[in-house]
Amino acid sequence: MKNKEIAKIFDEMGDMLEFLGENPFRARAYKRASQIIYGLPEDIENLYKSGKLSEIKGIGESIIQKVGEYLDKGKISAYEEYRSKIPEGLLELLSVPYIGPVTLRTLYKTLHITNFDELIKACEDKMLRNLPNFGPKKEENILKGLLRFKEQTFRHPIGLIYEDISKLLEDVKKIEGVIRAEVAGSFRRMKETIGDIDILASGENPARIIKSFTKLPLVKEILSEGETKSSVLLTSGIQADLRVVDDISFGACLQYFTGSKNHNVKLRGIAKDKGLKINEYGVFEGDKLIPCPDEDIVYRTLGLVWIPPEMREDNGEIELAQKNELPELIGYKDIKGDVHVHSTYSDGGETIRAMAESAIKKGYEYIVITDHSQSLKIAKGLEIERLYKQMEEIDKLNKELAPFKIFKGSEVDIKHDGSLDYSDEILKKLDFVIASIHSGFKDDEKKITKRVLSAMENPYVTMIAHPTGRIINSRDPYNVNIIEMCKGASKTNTYLEINAYFDRLDLNDINARIAKEYGVKFCIGTDSHNSIQLNMMIYGIGQARRAWLTCDDIVNSRHLKDFEKLIRIKRK
DNA sequence: GCCGTTTTCGGCCCGACTGTTTTCAGTCG
């Protein structure tokens, strides 16, 4: 599937046009097309061939022609032409704070800057301050931005900063004069990674609230401080922004700062068509303010129903909200049990009993213990003897802990030839078999897809875990053909996992949405190796909500009895 | 470059903050 690579080219073309000083709306059109293509729940090649690409808003004649050119020849001549005009690596500087297209163009044309190191040197040599519209302060900021950029090139996985953010929010809520406070931005949309933290507060005397905010213990450096808005750098190195408004504008402001940008741009377009104007203070009819203390009023005023934040990416959710046809997403409390849990039998840190008791405390009805299989020596994979011993222990515990149920499972390796790490005779004895790839990540598409497909053909395999193997900020997905995998899963009634572990979150939102189109059902599993990690379930649910999944799609949102039936469905 | 039951041309979201200016350009979200 070439969606991602094509999206990347159009994104870059947008940057190039901006840099070259072309019509900014043309640049934006490319970027928009890029985002649309990136989020497509279907293979772009199919859409192109069936002529359905032209039905998508934001994709016009010129983009379609270029998509065709890429599918045909593997490159786009317009892109190649722009690229020949711009030094390699120069556009990376657009990601540096304080450097936009205009600044970069000036730097390139006057000082002939073409990369990161040259720009650092120019700043240190004080070469920037005498350029038109530059000064010492701007030079200093750019240097700071460069150093910050060098330190922190990755976005933060949501699971790593969730607790920090919750703590910061608590601190903001305690500031004198604050009436309400919420975290907005990509955090509220439950994106798998977070760039910076957006906090929104309402209260009287915003300037005083801003002042208190900049003095919170977590704050390392103040980047900007105004009457209603401030940006700071936290001790953890993450940027946090606070915006303070009157309580009557809280809903409008929360809507506005939750984004995404594309979602908001479209909403504003709708407002405009209705003769209204939206900004962070509310909806305006001429000069008349329609107060929006709560977010749903913004949507209602525009003739829409309220849209869950996780869906706000302008991927079709606005059109559904206009028709009141939004799916009822799985809720954060709808999961009835965890299907991917390790114990001390393999590489987990706690006993089966400890994990089960923690699950009971969370209100779960069941868990599936899925320790590694024999050949994964590095993780103390279970030889058959120990697997039997584990089964006995689970039987005993189940008598004691009923009606809570521990299912006997295993995370079984898919070997290089596509066979599984236990024989069918053994697998038959388990309630829930996870098959997953832990080796041969570099296999080509054909081979790795075949491995996964043949695992799914096995009647005892219940689910494929972390189906693309990617690790956020660390390992690219292996080259499995998503569409073939989805077809296979659907055909064989094999579930696909949404792995909730903070740096996996795999399937991700886009792939899970594609899978749903093919009729695939899912389980969300935390891959926990200790009881605290059971809490990561929320990140998996967030990813599922971003994929528009409902309880009907998620097998472990079912109560024990139904779940038990659904995990046996293949064996009949 | 995209879009349009008012338009096939002329629009394209909107405001805060900073640093440079002396009324505004650039960046950011």
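Sequence lines set the chain letters: A, B, ... in the order given, protein chains first and strands last, and positions in each chain run from 1.
Rounded to a whole Å, the CD1 atom of Ile197(A) is 13 Å from the P atom of dG29(B). Between Gln65(A) atom CD and dC2(B) atom C1' there is a gap of 15 Å when expressed in whole angstrom units. Distance CD1 (Ile59(A)) to C1' (dG1(B)): 11 Å, rounded to an integer number of Å. Taking atom CE of residue Met16(A) and atom C1' of nucleotide dG1(B), one finds them 17 Å apart after rounding to whole Å. Taking atom CZ of residue Arg129(A) and atom P of nucleotide dT18(B), one finds them 20 Å apart after rounding to whole Å. Between the CG atom of Asn133(A) and the P atom of dC24(B) there is a distance of 13 Å, rounded to whole Å. The CG-P distance, from Leu131(A) to dT20(B), rounds to 11 Å in whole Å. To the nearest angstrom, P of dG29(B) lies 16 Å from CD of Glu313(A).
The side chain of Arg268(A) places no N or O atom within less than 4.0 Å of a non-bridging phosphate oxygen (OP1 or OP2) of dC13(B). Between Asn279(A) and dG15(B) there is a side-chain N or O to OP1 or OP2 distance below 4.0 Å. Residue Lys272(A) has a polar side-chain atom (N or O) positioned under 4.0 Å from OP1 or OP2 of dC12(B). The side chain of Arg243(A) places no N or O atom within less than 4.0 Å of a non-bridging phosphate oxygen (OP1 or OP2) of dC17(B). For Lys229(A), no side-chain nitrogen or oxygen approaches OP1 or OP2 of dT18(B) to under 4.0 Å.
Position along DNA chain B of the nearest nucleotide to Lys137(A) versus Asp198(A) favours Lys137(A) as the more 5'-ward residue. Ranked by how close their nearest DNA chain B nucleotide is to the 5' end, Glu139(A) and Ile278(A) are led by Ile278(A).
Classification of Asp125(A) and Lys121(A) as a salt-bridged pair holds, one side-chain N sitting under 4.0 Å from a carboxylate O. At a threshold of 4.0 Å, the pair Lys211(A)-Glu225(A) counts as salt-bridged, since one of the basic side-chain nitrogens sits closer than that to a carboxylate oxygen. The existence of a salt bridge linking Lys266(A) and Glu317(A) is excluded, since no basic side-chain nitrogen approaches an acidic carboxylate oxygen closer than 4.0 Å. Ionic pairing of Asp476(A) and Arg470(A) is not present here: no N-O contact between side-chain nitrogen and carboxylate oxygen is shorter than 4.0 angstrom.
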Could you check Lys66(A) against Leu71(A) for side chain to side chain contact (heavy atoms under 4.5 Å, CB included), going step by step and ending with a plain yes or no?
CA-CA 9 Å; Lys66(A) 291 183 174 71; Leu71(A) 292 173; over 6 Å; no
Report the C-alpha separation of Cys253(A) and Tyr281(A) in whole Å, then their side-chain angles, then the decisive distance to 0.1 Å, and conclude whether the side chain to side chain contact (heavy atoms under 4.5 Å, CB included) test is met.
CA-CA 6 Å; Cys253(A) 207; Tyr281(A) 301 109; over 6 Å; no
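Atom name C1', nucleotides dA25(B) and dT20(B): the rounded distance is 8 Å, in whole Å. Annotation: dG26(B) and dT21(B) have their P atoms spaced 12 Å apart (nearest Å). The same atom, C1', is picked in dC3(B) and in dT7(B); the two are 10 Å apart, to the nearest Å. Comparing the C1' positions of dT18(B) and dT23(B) gives an interatomic distance of 15 Å, to the nearest angstrom. Taking atom C1' on both nucleotides, dT8(B) is separated from dC2(B) by 12 Å, rounded to a whole Å. Distance noted for atom C1' between dG29(B) and dC13(B): 12 Å (whole Å). Separation of the C1' atoms belonging to dA16(B) and dG11(B) is 25 Å when rounded to the nearest angstrom.
Checked options Arg188(A), Arg300(A), Arg180(A); the residue passing with Glu295(A) is Arg188(A) (criterion: salt bridge (charged side-chain N to carboxylate O under 4.0 Å, His left out)).
Taking every side-chain heavy atom of Ser224(A) into account, dT18(B) is the closest of dA16(B), dT20(B), dT18(B). Listed candidates were dG29(B), dC12(B), dG19(B). Nearest to the side chain of Asp196(A) is dG29(B). Closest to the Lys57(A) side chain, of the nucleotides dG29(B), dG4(B), dG1(B), is dG4(B).
Within 4.0 Å of Val96(A), counting heavy atoms only, lie sugar-phosphate atoms of the nucleic acid but no base atom. Within 4.0 Å (heavy atoms only), Lys31(A) reaches no atom of the nucleic acid at all. Using a 4.0 Å heavy-atom distance criterion, Thr228(A) is classed as a sugar-phosphate-only contact. Among the protein residues, Pro97(A) comes within range of the sugar-phosphate backbone only, with heavy atoms under 4.0 Å from sugar or phosphate atoms but none that close to a base. Counting non-hydrogen atoms under 4.0 angstrom, Phe25(A) reaches a base of the nucleic acid. Across all strands, Pro206(A) comes closer than 4.0 Å to no nucleic acid atom at all (heavy-atom distances).
Pair assignment for dT8(B) gives none, since no Watson-Crick or G-U wobble pairing has each distance under 3.5 Å.
With hydrogens and angles ignored, no donor-acceptor pair under 3.5 angstrom links the side chain of Asn141(A) to the base of dG19(B).
Side chains of Ile318(A) and His263(A) form a contact here, defined as non-hydrogen atoms less than 4.5 Å apart.
Ring to ring, Tyr162(A) and Tyr539(A) are close: their centroids are under 6.0 angstrom apart. Between Phe19(A) and Tyr82(A), the ring center distance fails the sub-6.0 Å criterion.
The two residues Asn499(A) and His466(A) come nearest to each other via the heavy atoms ND2-CD2, 3.5 Å. Nearest heavy atom pair, residue Phe250(A) against residue Ser202(A), reads CD1-CB, 3.6 Å.
Within residues 98-105 of chain A, the residues approached by DNA chain B to less than 4.0 Å at the level of any non-hydrogen atom are Tyr98(A), Ile99(A), Gly100(A), Pro101(A), Val102(A), Thr103(A), in residue-number order. For residues 255-264 of chain A, proximity to DNA chain B is found at Tyr256(A), Lys261(A), defined as any non-hydrogen atom under 4.0 angstrom from a strand atom.
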